[in-house]
Amino acid sequence: MINMKENAFRTADILIPKDADMTKWSVVACDQYTSEPAYWEKAAQVVGDEPSTLHMIFPEAYLENEPEKRIKAINEKMTEYADGGVFKTLADSFVYVERTQQNGKVRRGLVGAVDLMQYDYNKGSGSAVRATEGTVLDRLPPRIKIRIDAPLELPHIMLLIDDPAKKVIESLDDKKKSMEKVYDFELMAGGGHIRGWRVCGDAADEIMALLDENISESAFAERYGCPEKPVLAYAVGDGNHSLATARECFLKLTAGMSEQERLAHPARFALAELVNLHDDSLEFEPIHRVVFGVDADKMLKEIKSFYETAEIYEENYSGEKVRGQTFKYVYKGGAGTVVIPASPYTIEAGTLQAFIDKYIAENGGTVDYIHGDDVTVRLGSEDGNIGFLLAPMAKSDLFKTVIFDGALPRKTFSMGEAHDKRFYLECRKIR
C-alpha cells in the first residue's frame with residue numbers, strides 16, 4: 001500500500017533535448033491564445049520541421065480541427081523523439097528553474113514529479129495535493145484522448161507551496177554555481193528568458209528534507225491553526241485540468257492491475273513545476289464577471305434578498321460605513337459598490353459566484369469571465385448587462401481558503417499574463 005506520509009513531490013527521470021535550438025524547442029502552454037490562432041501559426045513558422053514541443057502538444061485553438069489526425073501525429077512524433085536519440089536523461093533529479101518574465105521579474109521553480117495517488121480534484125478533498133479552483137469535468141474527455149496513448153508527457157502544470165520563510169526553492173539560488181546548468185536561452189514570442197540547473201544527489205536529498213519539514217503535520221498545524229484538518233501540502237496553481245487528466249489516464253491505464261503494478265507504473269506520476277506562493281514574481285490578478293441578458297436593477301435588488309446583510313452604495317462609497325466583503329458593479333444605469341458584512345464564503349469571488357449562479361438558474365442570463373477593468377466596464381455598461389469587478393485576491397488567503405472552504409469558485413484568479421505562463425520544455429516517459 002502507498003504510504004501517504006511520503007512526500008507527494010519528488011525527483012524524476014527528466015528528459016531534455018541533447019542538441020536542439022532551445023528557443024524553437026520550447027513553446028507556451030497549449031491553453032493560451034485559444035482565440036488567437038495567428039499566435040500558433042507564427043510559432044509553427046518559427047519552428048518549421050526542427051525538433052520542438054510544438055509537434056507534441058495540441059493547442060486548444062485547434063481542438064475542433066481534425067483532432068484524431070492531430071493526436072495520431074503527436075504520438076508518432078513523441079515516439080520518434082524518444083527512440084531517435086533526441087533526449088538525454090537527467091536521472092533521479094529535479095531541475096531548478098529561473099524564469100525571467102517579460103516584466104523583468106524572476107520566477108524560481110523546481111521541476112519534479114507529483115504523485116497522482118496523493119492528488120484528488122474532487123470537491124471536499126483532503127488529499128495532500130488539491131485543486132485551487134473547481135474542476136469542470138466536461139473539459140477532461142478531449143484531454144484524456146490526447147494523453148491516454150501518449151508515450152511522453154510535457155508539463156505546463158504549476159504547483160504551489162506555502163513557504164513564507166522562503167527556505168525551500170530559494171535555497172538553491174546560492175548553490176546553483178556548483179550545479180550543472182542544463183539550459184539557458186530566450187523563449188520565443190516575448191516569453192522572456194529561462195535557465196535551469198540539475199539538482200541531484202545530496203542537493204536533491206537536502207531539498208526533499210526541506211520539503212518534508214515544510215509540509216509536516218506540526219508545521220501545518222502551526223501555520224493554519226487547524227491540527228484537525230488533513231495536511232494540504234501542494235495546491236495546483238495552474239494547469240489543474242491537465243493534472244486531472246493525468247490522474248484519470250493513470251486510473252484508466254492501471255484498471256485491473258495489482259496494487260504493486262499500480263505503484264510501479266510510470267503514469268502514476270506527472271511532471272510539474274513547484275513554485276513558492278510567496279515568490280515575488282507571482283501576482284494574482286482578479287477575473288471579473290459580466291452577466292448578459294438580465295435586468296440589472298432587479299439583479300441588484302436580489303443581492304439584498306440573497307444576502308440579508310448586503311448593502312448597496314453609490315460609486316463614491318469609501319469603505320468606512322460598513323466592514324465586510326466588497327465588490328463593485330457597473331451597468332447602464334450607474335455604478336457602485338456592494339458590501340456584504342457577513343458572508344458564509346471566505347473570499348469575495350465565492351460570495352459573488354454563489355449569487356450569480358442562483359440568479360441565472362432562476363431568471364436566465366449568461367455569465368462571462370473577464371480579464372481587465374476596462375473591458376468589464378465597457379461590456380457591463382451595455383444594455384441588458386451588468387459587470388462586477390473584484391479586487392485582487394491576497395496570495396496569503398489561498399491555502400487557508402482551500403483548507404477551510406475547499407476549491408475556490410471557478411475563475412477566481414489568474415497567475416500572470418499569457419506570455420508568462422509556463423512553457424513546455426522538460427519531458428518524461430509515462431509508458
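This structure is a prediction, so every number in the text was calculated from the model and none was measured. Keep in mind that the numbers below use all heavy atoms, side chains included, and drop hydrogens, waters and symmetry copies. Numbering starts at 1 and runs along the sequence shown.
- Annotation: side chain of Asp13 is not in contact with side chain of Leu90 (no heavy-atom distance under 4.5 Å).
- Remark: side-chain polar atoms of Arg130 are not paired, donor with acceptor, to backbone N or O of Ala233 under 3.5 angstrom.
- Rounding to the nearest 0.5 Å places CG of Asp163 at 4.5 Å from CG of Asn214.
- Checked against the 6.0 Å centroid threshold, Phe388 and Tyr329 do not count as a close aromatic pair.
- Counting only distance, with no hydrogens or angles, the side chain of Ser125 and the backbone of Ser127 share a donor-acceptor pair below 3.5 Å.
- Applying the salt bridge (charged side-chain N to carboxylate O under 4.0 Å, His left out) test to Lys18 and every residue at least two apart in sequence or in another chain returns nothing.
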* To do: List the steps and the verdict of ring pair (Phe, Tyr, Trp, His ring centres under 6.0 Å) for Phe220 and Tyr224.
  => CA-CA 6 Å; Phe220 178 83; Tyr224 306 112; 5.0 Å; yes

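- Checked against salt bridge (charged side-chain N to carboxylate O under 4.0 Å, His left out), Glu362 has the following partners two or more places apart in sequence or in another chain: Lys358.
- Atom NZ of Lys175 has more than 12 neighbouring heavy atoms from other residues, nucleotides or ligands inside a 6.0 Å radius.
- In summary, the side chains of Thr132 and Asn240 do not present any donor paired with an acceptor at a separation below 3.5 Å, with no hydrogens or angles considered.
- Under the 3.5 Å distance criterion, with hydrogens and angles disregarded, a donor-acceptor pair is assigned to the side chains of Tyr96 and Glu98.
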* To do: Evaluate ring pair (Phe, Tyr, Trp, His ring centres under 6.0 Å) for Phe9 paired with Phe94, printing each intermediate quantity in order.
  => CA-CA 10 Å; Phe9 188 77; Phe94 294 117; 5.7 Å; yes

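- Residues Ile57 and Arg70 are not in side-chain contact: their nearest non-hydrogen atoms beyond the backbone lie 4.5 Å or more apart.
- Environment of NZ in Lys400: sparse, with no more than 12 heavy atoms of neighbouring residues, nucleotides or ligands closer than 6.0 Å.
- Between the side chain of Arg107 and the main chain of Val97, no donor-acceptor pair closer than 3.5 Å is present.
- Within 6.0 Å of NZ on Lys429 lie no more than 12 heavy atoms contributed by other residues, nucleotides or ligands.
- Put simply, the side chain of Phe327 does not reach to within 4.5 Å of the side chain of Leu389, judged on heavy atoms.
- For the 3.5 Å distance criterion, the side chains of His193 and Asp184 qualify, holding a donor opposite an acceptor.
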* Apply salt bridge (Lys or Arg N to Asp or Glu O under 4.0 Å) to the pair Glu283 and Lys105, showing each step before the final yes or no. => CA-CA 11 Å; Glu283 297 178 359; Lys105 293 184 177 181; 2.6 Å; yes

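- Checked against ring pair (Phe, Tyr, Trp, His ring centres under 6.0 Å), Tyr307 has no partners two or more places apart in sequence or in another chain.
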Mind listing the side-chain donor-acceptor pairs of residues 20-27 below 3.5 Å, one per line with the distance, residues two or more places apart or on another chain?
| residue | atom | partner | partner atom | Å |
| --- | --- | --- | --- | --- |
| Asp21 | OD1 | Thr23 | N | 3.1 |
| Asp21 | OD1 | Lys24 | N | 3.4 |
| Thr23 | OG1 | Glu186 | O | 2.6 |
| Lys24 | NZ | Glu50 | OE2 | 2.8 |
| Trp25 | NE1 | Leu425 | O | 3.0 |
| Ser26 | OG | Tyr424 | O | 2.6 |

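- For the residue pair Arg198 and Ser93, a side-chain donor N or O sits within less than 3.5 Å of a side-chain acceptor on the partner.
- Contact of the Glu311 side chain with the Ile340 side chain is not registered, since no non-hydrogen atoms from C-beta on lie closer than 4.5 Å.
- More than 12 heavy atoms of other residues, nucleotides or ligands shown are found within 6.0 angstrom of CD on Glu261.
- Proximity of a side-chain donor or acceptor of Gln102 to a complementary backbone N or O of Gly190 within less than 3.5 Å is detected.
- Sorted by first and then second residue, the salt bridge (Lys or Arg N to Asp or Glu O under 4.0 Å) pairs involving residues 52-61 (not counting sequence neighbours) are Glu60-Arg143.
- Across all non-hydrogen atoms, the minimal contact from Met78 to Leu154 is CE-CD1, 3.7 Å.
- For residues 236-252, the salt bridge (Lys or Arg N to Asp or Glu O under 4.0 Å) pairs, not counting sequence neighbours, are Asp238-Lys421.
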